[in-house]
Number of protein chains: 2
Amino acid sequence: MVPNRKPTIAFPPNDFYRQDHKMYVATDCIVFGYDSNDLKLLLFQRKLSPFKGEWSLIGTFVHLDESIDVAAERVLEQTTGLTNIFMEQTLAYGHVKRDPGYRCISIAKYALIRLDEHDKKSVEQYGAKWFSLDDLPPMILDHQQMINDALDMLKEKAKKQPVGFELLPKKFTLPQLQRLYELIYQKEIDSRNFRKKVLSLNILIKLQEKDKSNSKKGAFLYKFNSRKYNQYFTNGFNFDT
Amino acid sequence: MVPNRKPTIAFPPNDFYRQDHKMYVATDCIVFGYDSNDLKLLLFQRKLSPFKGEWSLIGTFVHLDESIDVAAERVLEQTTGLTNIFMEQTLAYGHVKRDPGYRCISIAKYALIRLDEHDKKSVEQYGAKWFSLDDLPPMILDHQQMINDALDMLKEKAKKQPVGFELLPKKFTLPQLQRLYELIYQKEIDSRNFRKKVLSLNILIKLQEKDKSNSKKGAFLYKFNSRKYNQYFTNGFNFDT
DNA sequence: CCAAAAGTGTTACACGTACACCCATGA
DNA sequence: TCATGGGTGTACGTGTAACACTTTTGG
């Protein structure tokens with residue numbers, strides 16, 4: 001600290017409206033998808049320069065007449081056909097040289113998507129591809145860093161709010177839900193403790209049907225109690241495992 | 001969700017380098033200060049249009065040749081004379097109409113400052129003023145929202161990492177530390193439980209001196225064990241109160 | 001001597017964690 | 001019948017929360 005330096009006031013600055021302070025603003029989406037087995041990330045292989053052929057997050061410039069949120073929704077719809085996707089802002093990346101071509105800052109957001117076969121295929125037709133989180137290719141710019149940061153924030157979020165609705169199908173089994181949490185937290189969870197805790201939240205409704213796709217015995221299907229779910233979503237809970 | 005709409009690819013877009021996508025990028029600082037009694041916020045009364053005379057956070061445009069972080073450090077130094085201040089990014093605000101004059105997004109950051117008399121006065125000379133958190137004036141644009149969001153994030157941070165170094169003087173008393181946490185969490189804390197918990201972290205070193213400025217009996221002064229402090233800062237802890 | 005703040009311990013309860021076996025079924 | 005994944009209960013320790021009185025000393 002240099003408390004003895006004489007302060008001078010910067011705001012309001014004299015440089016208001018100076019054209020040469022304008023720059024590009026992009027938004028990049030870290031798209032997480034869950035297919036009841038793996039936590040995946042949607043990446044895009046660039047077809048044009050710059051960085052032709054390299055892997056990148058899905059992103060776009062923010063247009064002058066759209067908010068950052070709308071730009072992110074736009075690029076996500078254009079790449080996946082999906083709308084009304086849960087998204088949450090993470091960080092802004094603003095180093096001068098982060099993009100060697102031009103001055104551009106980027107606001108990163110993560111999105112949570114429930115994967116089904118349709119989504120997987122329709123997305124891959126257009127040069128985008130789902131990668132397992134632990135098997136990512138090299139990416140352009142600071143996109144790996146964005147992913148790391150987004151995953152950290154997703155972990156924090158999962159401790160405080162339920163995340164299942166966005167990633168799981170309407171009906172799901174407890175082993176599926178547990179696996180999702182194991183993938184997010186990147187550690188194993190004791191199934192007895194997990195079931196005890198998640199059931200004590202009264203957030204799940206047990207159905208009479210079983211899903212036998214993963215075992216001979218079959219696992220009971222559950223759905224979310226949406227009233228409880230929204231309540232926890234708004235007020236938070238503690239799911240520290 | 002509209003999974004049946006045919007996806008079209010937006011990235012790489014055709015609009016690369018289009019001049020009309022450039023916009024202003026600002027950064028606004030939510031400057032928290034603690035004077036061992038109150039948690040305060042530094043606001044600035046604008047001397048020029050637009051918004052002349054109204055209260056605002058301290059902010060500036062990000063220049064083309066400086067990163068967001070550097071811009072924030074610059075405006076903080078210009079307004080307070082302080083350098084090497086702890087700052088943390090919060091959110092980017094990017095609604096189209098958030099600033100009625102021109103398209104401008106803003107990256108908000110919060111800063112933590114230890115207030116002493118010198119700082120208080122030198123800052124106020126230049127039209128900035130410290131306000132108690134619970135007695136803020138109306139502010140321009142979305143600055144109140146930025147403050148609310150920053151305070152939420154500071155609360156979360158305080159649960160996971162020690163925050164004392166940045167806000168407290170080198171020597172401080174346990175009642176001062178407790179009051180800081182009460183102000184951040186905005187609730188009362190039982191002093192017996194607080195002391196038990198904070199002392200069990202082995203993060204404090206008790207000194208032989210007492211501070212008698214707040215009571216006749218006097219309270220023992222402590223300093224941080226910086227090794228432990230940095231360890232907790234890096235690896236986190238749980239301070240849920 | 002008294003007002004005002006500093007400092008101190010114990011108990012009850014909730015919660016997290018560790019841990020191992022039986023069940024149902026399709027192949 | 002057996003391999004595979006689904007489902008269940010208990011015991012222990014840790015941490016949190018609630019709670020009230022004594023100490024010090026300047027005025």
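Side-chain atoms are counted along with the backbone in the values below, which use heavy atoms only and exclude waters and symmetry mates. Proteins get letters first, then strands, A, B, ... in listed order; numbering begins at 1 in each.
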- Hey, is the side chain of B:N214 pairing donor to acceptor with the base of C:dA4 inside 3.5 Å? no
- Task: Check whether any side-chain heavy atom of B:R114 sits under 4.5 Å from a side-chain heavy atom of B:F165, and report yes or no.
- Result: no
- Message: Counting only heavy atoms not in B:K228 (residues, nucleotides, ligands), do more than 12 fall under 6.0 Å from its NZ?
- Response: yes
- Is there side-chain contact between B:I85 and B:L112, with heavy atoms separated by less than 4.5 Å? no
- What integer distance in Å separates A:F239:CZ from C:dC15:P? 14 Å
- Query: To the nearest angstrom, how far is A:I189 atom CD1 from C:dA18 atom C1'?
  - Reply: 15 Å
- Boundaries of the chain B footprint along DNA chain D (any atom under 4.0 Å from a heavy atom): D:dT16 to D:dG26
- Message: Rounded to whole Å, how long is the line connecting atom CG of B:L177 with atom P of C:dA6?
- Response: 13 Å
- Note on the structure: Assign each of A:K196 and A:F220 the nucleotide of DNA chain D bearing its closest heavy atom; nearer the 5' end lies the nucleotide of A:F220
- Query: Could you go step by step and tell me if B:T90 and B:D149 meet the side chain to side chain donor-acceptor pair (under 3.5 Å) rule?
  - Reply: CA-CA 8 Å; B:T90 63; B:D149 293 341; over 6 Å; no
- Between CZ of A:R195 and P of C:dT17 the distance, given in whole Å, is 18 Å
- Query: Is the Lys NZ or Arg CZ of B:K159 less than 6.0 Å from the centre of B:F239's six-membered ring, within 45° of the axis?
  - Reply: no
- Residue B:A219, side-chain heavy atoms: nucleotide from C:dA3, C:dT8, C:dA6 that is nearest: C:dA6
- Query: Between B:L199 and A:K212, who's closer to the 5' end of DNA chain C by nearest nucleotide?
  - Reply: B:L199
- Task: Compute whether any side-chain donor of one residue and acceptor of the other, for B:D28 and B:S106, lie under 3.5 angstrom apart.
- Result: yes
- Note on the structure: Shortest non-hydrogen pair, B:M139 vs B:L136, comes out as CE-CB, 4.1 Å
- Message: Without decimals, in angstroms, what is the distance between B:D211 CG and C:dA5 P?
- Response: 13 Å
- What's the CD-P distance between A:E209 and C:dA24, to the nearest Å? 20 Å
- Task: Report the distance from atom CG of B:N238 to atom P of C:dT17, rounded to the nearest whole Å.
- Result: 11 Å
- Note on the structure: In whole angstroms, the gap separating P of C:dG16 from CZ of A:F194 amounts to 13 Å
- NZ of A:K171: more than 12 outside heavy atoms within 6.0 angstrom? no
- Of A:S215 and A:N193, the one whose closest DNA chain C nucleotide lies more 5': A:N193
Short N/O separations, protein against nucleotides 21-23 of chain C, under 3.5 angstrom:
{"unit_1": "C:dC23", "atom_1": "O2", "unit_2": "A:K217", "atom_2": "NZ", "d": "3.2"}

- Would you say the side chains of A:S132 and A:D38 form a donor-acceptor pair under 3.5 Å? yes
- Message: Under 4.0 Å, counting only non-hydrogen atoms across every strand here, what does A:D190 touch: a base, just sugar-phosphate, or nothing?
- Response: base
